[in-house]
Amino acid sequence: MVEIKTDAALDAMREAGRVVAQALGAAREAAGIGVSLRDLDEAARAVLAEAGATSPFLGYRPSFAPVPFPAVICTSVNDAIVHGVPTEYRLRDGDLVSIDCGAELDGWTGDAAISFTVGTPSPADLGLLRATQRALDAGIAAARPGNRIGDISHAIGTVARSARCGMPADFGGHGIGRRMHEDPHVPNRGRPGRGFPLRHGLTLAIEPMLMSGGHDDYYTGPDGWTMRTIDGSRAAHIEHTVAITEEGPRILTLP
């Protein structure tokens with residue numbers, strides 16, 4: 001079932017989204033050469049605790065996972081696409097890092113992700129980050145009343161393919177609100193004019209995941225969570241929670 005939110009609910013989701021943005025900001029600020037992924041998780045945990053928010057990630061266990069997720073953020077480094085588990089791995093110069101975070105506050109949820117480089121970036125990584133951001137921007141621009149889910153999907157996929165990037169076929173965005181994952185599913189590729197109609201009050205997590213090698217295949221690592229590119233190429237993941245409104249897309253996970 002797809003729930004259409006009231007304007008009051010959108011305002012409440014905005015507050016949850018603000019916490020997500022602050023947690024991501026704290027994790028990014030903590031990131032540096034020699035800093036462990038667990039340190040980034042601790043930085044995000046502190047923000048959630050200060051805000052009185054809880055994590056929809058911590059303890060989450062979908063059907064594919066062998067164990068509940070043990071952290072409040074996903075930390076995906078280099079060839080990891082999404083769902084990376086924070087470990088004692090210490091960041092190195094040139095690492096490409098994606099951080100995904102969610103927050104539940106007063107019964108409403110926000111979800112967003114950022115990608116960035118640590119230390120000296122490579123030109124290829126900077127190009128991948130730009131392409132991923134362009135894909136997200138295109139998807140958000142299509143999130144307007146009168147369009148359909150397929151218009152968002154097509155906008156994301158067009159940018160990704162023009163950049164010669166791959167995208168994991170089984171994963172994409174999703175509805176969000178009272179829970180982190182709600183209907184409808186938001187694929188990162190699709191045909192325009194198809195799918196669920198967009199209307200005022202629909203809230204979506206839009207999240208392109210681009211793989212620089214151009215392949216769509218991936219595999220799941222030994223931890224049962226981390227998705228990695230099949231060819232070892234770099235990946236990036238950027239996400240916002242977005243509300244469809246008559247005034248245009250409203251990004252709910254800004255600082």
Side-chain angles (χ1 to χ4, degrees), residues 1-25 56 82 98-105 108-115 129-163 165 167 171-210 236-255:
M1 178 181 293
V2 176
E3 179 183 8
I4 302 300
K5 280 73 175 181
T6 65
D7 288 346
L10 297 185
D11 289 340
M13 288 185 65
R14 174 70 181 102
E15 295 311 306
R18 197 185 312 274
V19 174
V20 172
Q22 292 168 349
L24 287 171
V82 288
S98 298
I99 302 178
D100 194 355
C101 182
E104 294 178 347
L105 183 67
W108 297 99
T109 308
D111 185 12
I114 57 174
S115 290
L129 291 171
R130 287 193 295 268
T132 309
Q133 184 64 58
R134 289 199 307 271
L136 176 61
D137 292 344
I140 292 174
R144 297 178 176 275
N147 281 351
R148 291 178 176 266
I149 291 292
D151 294 297
I152 297 175
S153 305
H154 179 71
I156 292 171
T158 297
V159 172
R161 295 311 192 198
S162 67
C165 290
M167 297 175 287
F171 289 84
H174 49 88
I176 184 171
R178 300 180 192 274
R179 300 182 310 280
M180 179 168 60
H181 292 127
E182 298 182 350
D183 291 332
H185 177 58
V186 186
N188 284 332
R189 70 193 78 180
R191 298 176 62 183
R194 301 294 182 91
F196 192 85
L198 308 183
R199 53 177 287 196
H200 183 97
L202 178 65
T203 48
L204 304 171
I206 301 175
E207 49 179 323
M209 309 160 192
L210 271 58
H237 173 214
I238 309 179
E239 174 186 15
H240 270 307
T241 295
V242 179
I244 314 300
T245 79
E246 295 294 346
E247 294 74 34
R250 181 183 179 187
I251 301 175
L252 302 178
T253 41
L254 292 173

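Atom CD1 of I251 and atom NE2 of H240 lie 5.0 Å apart (nearest 0.5 Å). Between the CG atom of L210 and the CG atom of L129 there is a distance of 10.0 Å, given to the nearest 0.5 Å. Summarising the geometry, atom CZ belonging to R191 is positioned 10.5 Å from atom NE2 belonging to H154; distances are rounded to the nearest 0.5 Å. Remark: L10 CG to H200 NE2 distance equals 6.0 Å, nearest 0.5 Å. Expressed to the nearest 0.5 Å, how far CZ of R250 lies from CD1 of I244 amounts to 12.5 Å. Expressed to the nearest 0.5 Å, how far CD1 of I206 lies from CD of E239 amounts to 9.5 Å.
S115 contributes a side-chain N or O that, together with a main-chain N or O of H237, makes up a donor-acceptor pair within less than 3.5 Å. Remark: side-chain polar atoms of N188 are not paired, donor with acceptor, to backbone N or O of G173 under 3.5 angstrom. S162 contributes a side-chain N or O that, together with a main-chain N or O of V159, makes up a donor-acceptor pair within less than 3.5 Å. D183 contributes a side-chain N or O that, together with a main-chain N or O of M1, makes up a donor-acceptor pair within less than 3.5 Å. In terms of modelled atom types and a separation under 3.5 Å, the side chain of T253 and the main chain of T241 share a donor-acceptor contact.
Evaluation of the side chain to side chain contact (heavy atoms under 4.5 Å, CB included) rule for A16 yields L105 as partners, not counting sequence neighbours. Evaluation of the salt bridge (Lys or Arg N to Asp or Glu O under 4.0 Å) rule for R178 yields E3 as partners, not counting sequence neighbours. Under the salt bridge (Lys or Arg N to Asp or Glu O under 4.0 Å) criterion, R134 pairs with no residue at all, not counting sequence neighbours. Partners of H181 by ring pair (Phe, Tyr, Trp, His ring centres under 6.0 Å), not counting sequence neighbours, listed by chain and number: Y60, H174. Remark: S153 engages no residue in a side-chain hydrogen bond (donor to acceptor under 3.5 Å, both in side chains) (not counting sequence neighbours). Residues meeting the salt bridge (Lys or Arg N to Asp or Glu O under 4.0 Å) test with R161, sequence neighbours left out: D216. With sequence neighbours left out, the side chain to side chain contact (heavy atoms under 4.5 Å, CB included) criterion links A21 to P255. By the side-chain hydrogen bond (donor to acceptor under 3.5 Å, both in side chains) test, R148 pairs with no residue at all, sequence neighbours left out. Residues passing the side chain to side chain contact (heavy atoms under 4.5 Å, CB included) test with P184 are V2, I149, F196, L202, L204, sequence neighbours excluded. Listed by chain and residue number, R14, E15, Q22 satisfy the side chain to side chain contact (heavy atoms under 4.5 Å, CB included) test with R18 (two or more places apart in sequence, or in another chain). E104 is linked by a salt bridge (Lys or Arg N to Asp or Glu O under 4.0 Å) to nothing, counting only residues two or more places apart in sequence or in another chain.
Scanning all heavy atoms of the two residues, the minimum distance from M167 to A160 falls at SD-CB, 3.5 Å. Across F171 and H185, no two heavy atoms sit closer than the pair C-CE1, 4.4 Å.
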Scan the side chains in residues 135-147 for donor-acceptor partners under 3.5 Å anywhere in the protein, sequence neighbours excluded, and list what turns up.
from, atom 1, to, atom 2, distance (Å)
D137, OD1, Q133, NE2, 2.9
R144, NE, A141, O, 3.1
N147, ND2, A142, O, 2.9

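V20 has its side chain out of reach of D111: every pair of non-hydrogen atoms, C-beta onward, lies at least 4.5 Å apart. Residues I152 and L198 are in side-chain contact: their nearest non-hydrogen atoms beyond the backbone lie under 4.5 Å apart. Within the 4.5 Å cutoff, the side chain of I176 has no heavy atoms near those of the E182 side chain.
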